[in-house]
Every structure is written in structure tokens, then in C-alpha cells.
There are 2 protein chains.
Amino acid sequence: MPSLSCEPLRHGAPEERARQATPGRRLDGSVIRHLDFFKELDDSALDDIAGAARPERIPRGEALFRQGEPPHALFIVLSGRFKAIQVTPEGRQVVVRLAGPGDLIGHVSVFAEKPYPATPTAATESIALMWSPRTFIALMARHPPLSLAVVRNMGRFIEEAHTRLRESSTERVERRIAHAVLRLAQQAGHRVDGGVEISFPMTRQDLALMTGATLHTVSRVLSAWEQQGVVGGGRQHLVLRDPQALARIAEEC
Amino acid sequence: MPSLSCEPLRHGAPEERARQATPGRRLDGSVIRHLDFFKELDDSALDDIAGAARPERIPRGEALFRQGEPPHALFIVLSGRFKAIQVTPEGRQVVVRLAGPGDLIGHVSVFAEKPYPATPTAATESIALMWSPRTFIALMARHPPLSLAVVRNMGRFIEEAHTRLRESSTERVERRIAHAVLRLAQQAGHRVDGGVEISFPMTRQDLALMTGATLHTVSRVLSAWEQQGVVGGGRQHLVLRDPQALARIAEEC
DNA sequence: ACGTTTCTTTGCGCCAGATCAAAGACGCGC
DNA sequence: GCGCGTCTTTGATCTGGCGCAAAGAAACGT
């Protein structure tokens, strides 16, 4: 993974960002070979796919695109984290999804030919590859295993949406929060001494938007768990200290 | 669309059903040509695809497969309706999806190589085509436009899941029910004098499972709407009389 | 016709969790 | 160090809709 400079660049136009990230030459397969997503593809396919991509560096807090825009591109995350926030007509927000390395972003809209349904914001400084819809569809036609990878990825994606849908309509808040935290730990946690730490900034507010609860309720629940030694951490920072206990909260009747 | 005999066959094994439905010869593209799903494919591709399929007739109330089974096949609905019900570990149910003509069923599990996440039950007598995973994946490799069609279909599917997810975590019950009814009318409604009728049996219970409400609440809400002349219909039967009014309930603040 | 089953309606009490309100904590820029 | 903005905690109150209970009403089988 290329290590890039870290000047505080903010709100740069996509072109500007892209220029920052690319030293002008075509990418080769090496940047994507390690991703699970591409594991079925051979080297020449990887070169072809990566060569057609444009890399983008996205500073923390900046959006990859905005909800409602026509889909001009689709992305795959190389490093970093995004949270996709959907805003309702009434102005309420929901975190519909988190994306990390190897995850596609914007594909749904590109294939459905509908406006982007949410705004993916970088939770940490991130790098993503970008393709135009035409280019990517041509790549899929050229490399059937790529189609299959996309389909598999979307499949997992649908499963997660259905799981959350089921949870949100059958489970109480505490359980939903427990599931959300467990999912986070699994998808984006790294072991530290005394637990698993969520490796990117996560506010109570975010957790609320992910579970359909209010900020206040999330805070109360986490405070209670903290007292019981189940979780720890402070401001924008969460450590799962006792996964067993949390799993019990999530599953038990 | 082939018209089949209507003997009261119940709980027959898949093989038995299949034999009933196929008079022994390979299908050709004509059975699927009219479906939107296949509109990008040419005649030879359609023949190839349909030829590899096995048709199944599913009587009302019978399941195509059961939640938890390993995915042995994927289906596309030719006629009829299915409701996919997911049962939670605690025994609660959720209707995660409705499927009608042109919709894929079981694809998510087949591609993700995970057990079926729900049980699709025929809401009316239905006909579906069936492929084994290997066969279908081979077809996708042979016909890139088929991959694209699958991906598009999954895209729409994800959008709907996200919409419902957003609704269920930000909206009150009445609104959610309103949205669900509007979606039903759009997906499976036909005009009759004085409104739009949902063209398959839909109990209050189903509506409750679709919206994450209780049977009781749904009943109350529908009763109120009936008094206002917004909807009508009786047992397992729903007519949307005033779509405007319902849209107002769904959107207005 | 009759009982059985499935589906629907309606009433009442209660509680999880939203809403309203306000005061701490932590981090950052100046 | 100080002020300001963001994030978090905690309390008090209110209410939507769930849980429980029970009684109709339409379809179905015998």
C-alpha cells in the first residue's frame, strides 16, 4: 500500500485529490492483489482492472460523493473506513453501512442507474480506487470472475441488510446496540491488551444512527456496560473488554 | 405462459413437482423472453439459459426451500408471488421480502455460499424456474449480460432493503405501514374501479411482519384508514382507495 | 348445519425508550 | 491558559404502541 503524504488538505475537488494520489503512471495489479475481493482473479486480470482505475485519497471527514447525485463512478476501498449516511426527507439520518478495505462503494447505484442513496464519509484518512460505470461494466464483461466477485460481495451486503432489518424490527434497543458493537468489533476491531478496540472514531451518535436509537439511549446503555466492565474507552473511542458478556446480552432471552 | 392443471397437490417432493410441471422436453427462450430481467439478452442466450432450467409448480402455501438449508438451487419467478419469511433465533418472524415475476430467489445464498436466510412461501399458486448453482454460474460466465442483469437486480434489492431499514429506524408505525401498502400497490397492484387492489392474499399479520409492528396495531391503523375511506377490502384482501391520501400520510410531517 | 380453524377487531394497562432540559468533560485553536 | 465547539452523561417527564385478553366474523371441512 503506497504511503502518502499527510498535509492537511480539505475539501479539494476530486481531480485535485486524484492528482495528489497518482504520480501519473498506471497502477498495476499489486495494489489490489491482497484484497479478498479479488482472490479469484489472475495477475493479468488484476493488472487490467487496476490499470483502468484512478486512485483517490480522501481526508478524514470528506465525502466520496453525495446522496442524490447521479452515479458517475464506483469505488473500492483500499485503506481506511467510510460510513455511509442516508438522510431522510425529514432530515433524520441513518448510517446504512460501514465500508472498509475490499468493500465496494457506489456499485448499487451504478448498476441500478439511480442516484446515490447515501453519502459515504471517510471516518479516517482513506484511499479508494475509482472507475467510471462504463469502464467497470466493460471490465466485468472481460473478466467473468470479476462479475462473480461483485455478485458475491453484493450477496454478503444484502445478508447484512436483512439481518439488521430483522434486528431492528424484532429486537429491543440494548440488544441492537450489542449486535452493532459486536459487528463493529468483528469488521473493524484489532486486539489490544484487555480487549478488542474499534479502530476508527465512533461516536455515540454514530452508534445511535446505526441502531435506530437516540444518542441518549446509547449513552445510557454504554454507561451501564462500562460499569459492568463489558466495554471501555472514552470520547469517540470504544474498546470491547468482554466479548463473551456482550454476546450474552445480544443473544440471551 | 403455460397453463397447468390445478389438482390439489400438497407438500409434494420437489422431484414430483418438477415432473408435474415438465412434460419432459427442454424449455426454450420463449418462457422467459417477456421478463424485464432478461431484456438485454439475445435469443440464443435465452434458449441456452431456459434450456438449462427446470420448471417447478408451487401450490399456494408451499415453500420453495427452507431457511437454514444449504443453497442447492436458485430460482426465478415466472408467475405468482412469494413471501420470504425469516425466523429469528427466538422464534419471531419477519417478512424480509416479496417476490413476483422476474425476481430472483435464492441467489444471495448461492453466491455467498451460505445457508438460505429465509423461507419463501408461495402466496398464490406459482411457477418458478430452477437452476443449480454450478449451472447458473456457468451461464453467467458464458453470457456477460446475464451477470449484469443479476447485478442490477441485486442492486434494486439492496436499495429496497436500505429504504426499509431507514424507515424502520426513523419512522413511526403508521407511516411505515403506509409505505408498505404503497410499495405493495406499486409492485403487485392492479387497477379496479375505485382504487388499486393488491393482487394476492395479504393478511394483517403479514403486513405486521413486513413493518415490524404487531398484528393489533396494523389492524387498528387499517380500521382507522377504512373509516376515512383511504383503504377498503376485507379478509386477506386489500384495496387502496385513495392513494393520494395514503401518500400524504406516508410523507407528511 | 355444525364445529373448527384462521383471520380480524377492539379495549385497557403498562413500559421501553423518545423527548425535553441541563450540566459536565475533553480536545483544539488562539 | 482560556474560550469555544464537540461529545457525553444524567435526570425528569411523557407517550406510542406492545402485551394481554376476549370476542366477533369469514372460510373450510365433514
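A, B, ... follow the sequence lines: proteins, then strands. Residue 1 opens every chain.
For C/dG17, neither phosphate oxygen OP1 nor OP2 lies less than 4.0 angstrom from any side-chain nitrogen or oxygen of A/Thr217. Proximity of B/Thr203 to the phosphate of C/dC7: no side-chain N or O atom is located under 4.0 Å from OP1 or OP2. An OP1 or OP2 oxygen of D/dT8 is reached within less than 4.0 angstrom by no side-chain nitrogen or oxygen of A/Ser219. Between A/Arg204 and the phosphate of D/dT8, there is a side-chain N or O to OP1/OP2 separation shorter than 4.0 Å.
Summarising the geometry, the separation between CD on B/Gln236 and P on C/dT8 is reported as 6 Å, rounded to the nearest angstrom. Whole-Å rounding puts the B/Gln205 CD to D/dG19 P distance at 12 Å. At whole-Å resolution of the value, CE in B/Met202 and C1' in C/dT8 are 15 Å apart. Counting to the nearest Å, the C1' atom of D/dA25 and the CG atom of B/Leu222 are 17 Å from each other. Atom CD1 in A/Ile177 sits roughly 14 Å away from atom C1' in D/dT8 (whole-Å rounding). In this structure, A/Leu215 places its CG atom 8 Å from C1' of D/dC7, rounding to the nearest Å. Between the CG atom of A/Leu207 and the C1' atom of D/dT9 there is a distance of 15 Å, given to the nearest Å. The separation between B/Glu90 atom CD and D/dC18 atom C1' is 17 Å, rounded to whole Å.
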In B/S/- notation (B base, S sugar-phosphate only, - none; protein heavy atoms under 4.0 Å), nucleotides 20-30 of chain C written 5' to 3' is BB----BS---

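Formation of a donor-acceptor pair under 3.5 Å by the B/Gln67 side chain with backbone atoms of B/Val87 is found in this model.
Each salt bridge (charged side-chain N to carboxylate O under 4.0 Å, His left out) pair with one or both residues in residues 178-202 of chain B, not counting sequence neighbours, appears once here: B/Glu167-B/Arg183. For residues 154-163 of chain A, the set of pairs meeting the side-chain hydrogen bond (donor to acceptor under 3.5 Å, both in side chains) definition, not counting sequence neighbours, comprises A/Glu159-B/Lys114, A/Glu160-A/Gln187. Applying the side-chain hydrogen bond (donor to acceptor under 3.5 Å, both in side chains) rule to pairs touching residues 219-231 of chain A yields A/Glu174-A/Trp225, sequence neighbours excluded.
In the helix from C/dA1-D/dT30 to C/dC30-D/dG1, the end axes, each obtained as the rotation axis mapping the C1' atoms of four pairs onto the next four within a five-pair block, lie 40° apart to the nearest 10 degrees.
Relative ring orientation between B/His72 and B/Phe65 is described as perpendicular, the plane-to-plane angle rising above 60° on a 0-90° scale split at 30° and 60°.
Applying the side-chain hydrogen bond (donor to acceptor under 3.5 Å, both in side chains) test to A/Glu69 and every residue at least two apart in sequence or in another chain returns nothing. Evaluation of the side-chain hydrogen bond (donor to acceptor under 3.5 Å, both in side chains) rule for A/Thr121 yields no partner, not counting sequence neighbours. Under the rule for a side chain to side chain contact (heavy atoms under 4.5 Å, CB included), B/Arg235 has no partner lying at least two apart in sequence or in another chain. Remark: B/Thr119 engages no residue in a side-chain hydrogen bond (donor to acceptor under 3.5 Å, both in side chains) (not counting sequence neighbours). A/Ser169 is linked by a side-chain hydrogen bond (donor to acceptor under 3.5 Å, both in side chains) to nothing, counting only residues two or more places apart in sequence or in another chain.
Remark: A/Glu56 engages A/Arg54 in a salt bridge, criterion side-chain N to carboxylate O under 4.0 Å.
Comparing A/Arg92 and B/Val218 by the nucleotide of DNA chain C that holds the closest heavy atom to each, the one mapping nearer the 5' end is B/Val218.
Proximity of residues 223-234 of chain B to DNA chain C (heavy atom under 4.0 angstrom from any strand atom) is restricted to B/Ser223.
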Using distance only, find each side-chain donor-acceptor pair of residues 198-208 of chain A under 3.5 Å and give its atom names and separation, not counting sequence neighbours.
residue	atom	partner	partner atom	Å
A/Ser199	OG	A/Ala188	O	2.6
A/Thr203	OG1	A/Gln205	N	3.3
A/Thr203	OG1	A/Asp206	N	3.0
A/Thr203	OG1	A/Asp206	OD2	3.2
A/Asp206	OD2	A/Lys83	NZ	2.4
A/Asp206	OD2	A/Thr203	N	3.3

